[in-house]
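Worksheet for the structure shown next.
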Protein chains: 2
Amino acid sequence: MKKYARQSKILELINEREIETQEDLASTLKGMGINVTQATISRDIKELRLIKVTSNTGKYKYGTIEESQNSISDRLVRIFKNSIISIDASMNIVVIRTIPGAAQICGSAIDSLQIPDVGGTIAGDDTVFVAVRKLESVDDIINNLYALIN
Amino acid sequence: MKKYARQSKILELINEREIETQEDLASTLKGMGINVTQATISRDIKELRLIKVTSNTGKYKYGTIEESQNSISDRLVRIFKNSIISIDASMNIVVIRTIPGAAQICGSAIDSLQIPDVGGTIAGDDTVFVAVRKLESVDDIINNLYALIN
DNA sequence: TATATTATTGCATATTTATACACTGTTTTC
DNA sequence: GAAAACAGTGTATAAATATGCAATAATATA
């Protein structure tokens, strides 16, 4: 059974180099004496749960979920930057104004961030309400959000 | 800018349903009055950092990295189950025998698991040595590994 | 050992995805 | 306000990926 040896090599390779396609991987492996076709690579990738992640250059490359952990918050931050108009508070409600249509996604973004003392969010079309558990935390949360967009 | 409204809907959809392809997504959105082509979906998916994950049925579907967190250890466990022959210890070294060629990948698997008191691993072709920091921890670690494969 | 079962893979190809290019609408700059 | 720069999208298609099927290898079973 040479499958695992090959898969191990695959994990190694995607960490070392920018592997952009399955053909890439197949031919690199071929160069190392491991003869395999794209079809098998496709199956290996499924088994190994490898994913396509965007490299620094904006292109797709193969990577692991672990590795792309960081990019989760990247996504959220990017969405924030592009859509938030203002952040304000009324008592324990943080009111976020967004460009039209972006409130929902900003809401889910905030949910994902799991900010302490955030009880929940509700979003309309261009407004998000963030319920804060304690009045004292409101400023922290606002600063937290501002930090994201700068 | 209706892009974010659409992307928000996309996030919603992939959580609710098993979306298998980008065409799938495009036509579902179309059914909801959001008119968009596969090409744009492809770009949205890149922006949202969505990935293909294997659904329960073994097929691919779209999902988020967050959602597929769990499947990381799945991968490792699966590899273990399929390749470990025996687990034993000599003093503070846990010795794992695997099917030929699988030691490397089992080694990386163990590394990823970040088991307490594991100092490091080294793998040959069909054998992995796991260095344990304290003699007292050896049994725990062995049980830990056995638990994985059962 | 012979037979049956299961796992792994290649080949060929259908399916799916990414992208170059062109167009449109929006925002910025002077 | 006109011109320039930019963002978003569709069309068409090239590029990349997944998979049915058949062959072979590995493993289990009698």
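On a predicted model such as this, the values are computed, not experimentally measured, just so you know. In the text below, chain A, chain B and the rest are named by the order of the sequence lines, each starting its count at 1.
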Self-check item: Side-chain-base donor-acceptor pair under 3.5 Å for A:R43 and C:dG10
Solution: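 Such a pair exists between side chain and base.
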Nearest-angstrom distance from the residue atom [atom1] of [X] to [atom2] of [N]:
{"X": "B:I99", "N": "C:dA7", "atom1": "CD1", "atom2": "C1'", "result": "11 Å"}
{"X": "A:I85", "N": "C:dT27", "atom1": "CD1", "atom2": "P", "result": "11 Å"}
{"X": "B:K2", "N": "D:dG10", "atom1": "NZ", "atom2": "C1'", "result": "13 Å"}
{"X": "B:K3", "N": "C:dT26", "atom1": "NZ", "atom2": "C1'", "result": "13 Å"}
{"X": "A:I45", "N": "C:dT17", "atom1": "CD1", "atom2": "C1'", "result": "14 Å"}
{"X": "A:I51", "N": "C:dA18", "atom1": "CD1", "atom2": "P", "result": "13 Å"}
{"X": "B:L50", "N": "C:dA18", "atom1": "CG", "atom2": "P", "result": "11 Å"}
{"X": "A:Y4", "N": "D:dA25", "atom1": "OH", "atom2": "P", "result": "20 Å"}

Quiz item: In residues 11-38 of chain B, which ones come under 4.0 Å of DNA chain D, going by heavy atoms?
Solution: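 When residues 11-38 of chain B is checked for heavy atoms under 4.0 Å from DNA chain D, the hits, listed by number, are B:N35, B:V36, B:T37.
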Minimum heavy-atom separation for [X] and [Y], please, with both atom names.
{"X": "B:V138", "Y": "B:M91", "result": "CG2-O, 3.6 Å"}
{"X": "B:T64", "Y": "B:I51", "result": "O-CD1, 4.1 Å"}
{"X": "A:C106", "Y": "A:I84", "result": "SG-CG1, 4.3 Å"}
{"X": "A:V95", "Y": "A:S90", "result": "CG2-OG, 4.4 Å"}

Self-check item: Closest-nucleotide ordering on DNA chain D, the 5'-leading residue of A:Y62 and B:T40
Solution: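 Result: B:T40.
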Quiz prompt | Residue closer to the 5' end of DNA chain D, B:K59 versus B:I41 (nearest nucleotide) | solution =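 Nearest nucleotide further toward 5': that of B:I41.
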Self-check item: Check ion pair B:K3-B:E47 (N to O, under 4.0 angstrom)
Solution: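 B:E47 and B:K3: salt-bridged.
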Quiz item: Which is true for B:K52 with a 4.0 Å heavy-atom rule: it touches a base, it touches only sugar-phosphate, or it touches nothing?
Solution: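 If one applies the 4.0 Å heavy-atom cut-off, B:K52 turns out to touch the sugar-phosphate alone, with no base involved.
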Quiz item: For A:F129, does the CZ atom sit with more than 12 other heavy atoms under 6.0 Å from it, leaving out its own atoms?
Solution: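 Open.
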Quiz prompt | Verdict with supporting geometry, B:Q38 and B:Q22, side-chain hydrogen bond (donor to acceptor under 3.5 Å, both in side chains) | solution = CA-CA 6 Å; B:Q38 175 270 324; B:Q22 299 184 358; 2.9 Å; yes
